[in-house]
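A, B, ... follow the sequence lines: proteins, then strands. Residue 1 opens every chain. It should be emphasised that the depicted structure is a prediction, and the values quoted were computed from it without experimental measurement.
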2 protein chains.
Amino acid sequence: MNIPDLTDTALEQRLQSKLDNKTKPLGSLGRIEALALQLGLIQGSETPELLQPQLVVFAADHGLAARGVSAYPSDVTWQMVENFLAGGAAVSVLARQHCLALTVVDCGVAREIAPRAGLLSRRIGAGTADSLAGPAMTSDQCARAIANGQEIVGQLPGNALLLGEMGIGNTSAASLLLSRLTGYPLAECVGAGTGLDEAGVQRKREVLQQVLALHERAGTPLEALAAFGGFEIATMVGAVLQAAAQRRVIVADGFISTAAVLVAQRLAPHVTQRCVFSHRSGEYGHALMLRQLGPGAQEPARALLDLGLRLGEGSGAALAWPLLVSACALMREMASFESAGVSGPQSSPAV
Amino acid sequence: MNIPDLTDTALEQRLQSKLDNKTKPLGSLGRIEALALQLGLIQGSETPELLQPQLVVFAADHGLAARGVSAYPSDVTWQMVENFLAGGAAVSVLARQHCLALTVVDCGVAREIAPRAGLLSRRIGAGTADSLAGPAMTSDQCARAIANGQEIVGQLPGNALLLGEMGIGNTSAASLLLSRLTGYPLAECVGAGTGLDEAGVQRKREVLQQVLALHERAGTPLEALAAFGGFEIATMVGAVLQAAAQRRVIVADGFISTAAVLVAQRLAPHVTQRCVFSHRSGEYGHALMLRQLGPGAQEPARALLDLGLRLGEGSGAALAWPLLVSACALMREMASFESAGVSGPQSSPAV
């Protein structure tokens, strides 16, 4: 997929100059200014504006969950989907607070969910296969999941996509993708997920080490995605690619959604120019992912919030959302020194 | 002023238990959970709610500004007050975004501001005296400013106070207060303020060292406040004390407003139980202040955002505000495992 480079030095200079002429000390809005500049570049505009933001929660089950890699049973996936739709989950509450349209996509939950408003059924299967026994999905399933993600985003209104996910076992898939696509040792990529104790993390590491070895030949991003899963991550990869192609602002959540961004970036490097990383997850491997997704080779991506969140669902993306709205509002509405009749800095302080 | 201790172990346990039964992995909302717990304790309620939040910008001028301690001329104070009232400043934009009632208080701006809606005149003088020549204010002026702050907050509706300020030269007053009240060496307490270069910071350090030496006997919190100023900080101290007495949630902004909290805490230690620190300022000394204001002697206060902000005005408090709203909404609206029919963690992971 061809995702063009958004570099536009002339626009960047105009945006920076506009920021510098706002009534505030130079650079005093810190990373909110960098965010405003990024949003301007994504939209190709000196007056960026966020319209009809869409929070999409991609849900699916993982065959590997039966191997005891999670603190919670797989049933929690469909139970939480019901909770999202009933409005009682964290992401439901936060989406209401910030007027984010919330869509849940069944990408392959083990137990089928009854159709209703707010739910899209794009099931590839009743959960992925056990990646300790073979690939989590076939390459055809993987391609269909990606196409689903593209189609879903293509149908959604607005110019911003907030990523969310649900799937018991999906920190395992994200850890495997991270290790395979970046070369970081697996042990560093594995964390407590939803809350394993130290013995549980150790067991998870051992299982994932076996999975990684079994699929040692799955080297390309798509091969790795098919080998490790899951359906929700693959669908999210398609969503990210489509959103990037349409120059939507993409707001990543935590460890799982950032894994989808990582796969998408390996397929189309300029994807990350459209990505805002909402928070630094409490899941350790997330910091390793962010190192790979920065604007330059040496510069890690910096997340907006650092609050020890490790819930997923899109909850971190929703919590950070008002900061993006602020960046646009400041860019559009703040007065300049000239328009407000405010003096600039003294050439040298009066003595 | 008697500010009672809010410690309530029974309520704290009920709040923690309520959080732990929400449909999410234990602790997975990170510091948002600690925030929800704090808001519950402040309000003495398992269902905290924020009503009619008030953002108050305290403005005044500083005689010391004539000594070249700021990158901007004193005229910027009244010009920015005009900008706040006209709706063009950063804090004006952010207050609109978050439906925060915005009040500007003229605590002693050098040039008198024409009366209008949104402005309260509580002038102690046309700026403080030059603290390099004598005390910035008399003890009577200091007492009147504190009383003004108490009276203003006492008249405001709602249960939350967001602190903002404007005053060219006020990072100098805040640095002096920090050093005197905590014993940190002055050099560590002084930063670039609105944007001094390295030579400017060095000059500011030298001037402030002389001011500190001149007032070496100003040892109590009120003596230090009178010696160093400013009128806006003293008025803010009164506002913090009144808000604390009324169990309002107090949202500190950056370096200056936290200096007011520091003075208030020295007068009434339990004030900080009511304080949420919205962000860690780019002004270096702010981290030193936060070390002094934590819940325990060994534990620094942790700010919610860390975005390199150093604007003041209450802009950081306004940017962090939606996180407080989220904490309350999650506490009130999220389903429990039982009510949503979601399974809890497995006693030991299925194998």
Side-chain angles (χ1 to χ4, degrees), chain A residues 22-32 66-73 75-76 79-80 82-83 86 88-90 93-94 96-98 194-196 200 203 282 304-311 315 319 322-323 325-326 329-330 333-335 339-346 349-351, chain B residues 22-32 66-73 75-76 79-80 82-83 86 88-90 93-94 96-98 194-196 200 203 282 304-311 315 319 322-323 325-326 329-330 333-335 339-346 349-351:
Chain A
K22 298 287 190 188
T23 46
K24 57 172 180 54
L26 209 65
S28 60
L29 280 167
R31 288 168 52 209
I32 297 296
R67 302 286 185 170
V69 291
S70 175
Y72 285 79
D75 269 349
V76 168
Q79 291 165 350
M80 284 302 297
E82 294 287 347
N83 198 18
V93 174
L94 297 170
R96 277 198 299 275
Q97 181 189 348
H98 297 308
T194 46
L196 289 172
R203 179 174 164 75
L304 290 171
L305 302 177
D306 188 2
L307 296 170
L309 307 173
R310 47 183 179 76
L311 173 54
S315 56
L319 282 165
L323 296 175
V325 178
S326 294
L330 292 164
E333 300 175 27
M334 258 185 91
S339 72
V342 175
S343 311
Q346 322 182 66
V351 181
Chain B
K22 298 286 189 188
T23 46
K24 59 175 180 49
L26 209 63
S28 61
L29 279 167
R31 286 169 52 209
I32 297 295
R67 302 285 184 170
V69 291
S70 174
Y72 285 79
D75 268 349
V76 167
Q79 291 165 351
M80 285 302 297
E82 293 287 347
N83 197 20
V93 173
L94 297 170
R96 276 198 298 276
Q97 181 189 348
H98 297 308
T194 47
L196 290 172
R203 178 173 166 73
L304 289 171
L305 302 177
D306 188 4
L307 297 169
L309 308 173
R310 48 183 178 78
L311 173 54
S315 56
L319 283 164
L323 295 175
V325 178
S326 293
L330 292 163
E333 300 174 26
M334 259 185 90
S339 71
V342 174
S343 310
Q346 321 182 67
V351 182

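A:R310 and B:P25 get closest at one heavy-atom pair: NH1-CB, 4.4 Å.
Counting heavy-atom pairs under 4.5 Å between each of A:E333, A:K24, A:H98 and chain B puts A:E333 at the top. The residue among A:A340, A:G27, A:G88, A:S315 with the most heavy atom pairs within less than 4.5 Å of chain B is A:G88. By number of non-hydrogen pairs under 4.5 angstrom with chain B, the leading residue of A:S343, A:G30, A:A335 is A:S343. Heavy-atom pairs under 4.5 Å with chain B were tallied for A:G341, A:S339, A:S326; the largest tally goes to A:S326. Among A:G195, A:G308, A:A90, the residue making the largest number of heavy-atom pairs under 4.5 Å with chain B is A:A90.
A:D306 has its side chain out of reach of B:D306: every pair of non-hydrogen atoms, C-beta onward, lies at least 4.5 Å apart. Counting heavy atoms from C-beta on, the side chains of B:L94 and A:L330 come closer than 4.5 Å.
In this structure B:S28 satisfies the side chain to side chain donor-acceptor pair (under 3.5 Å) test with no other residue, sequence neighbours excluded. For A:T23, the side chain to side chain donor-acceptor pair (under 3.5 Å) criterion is met by B:N83, not counting sequence neighbours.
Of the two parts of A:L309, the backbone and the side chain both hold a non-hydrogen atom closer than 4.5 Å to a non-hydrogen atom of chain B. With a 4.5 angstrom heavy-atom cutoff, A:E82 does not touch chain B via any of its atoms. Both the backbone and the side chain of A:A329 come within contact range of chain B, each with at least one heavy atom under 4.5 Å from a heavy atom of that chain. In this structure, chain B has heavy atoms under 4.5 Å from both the backbone and the side chain of A:L29.
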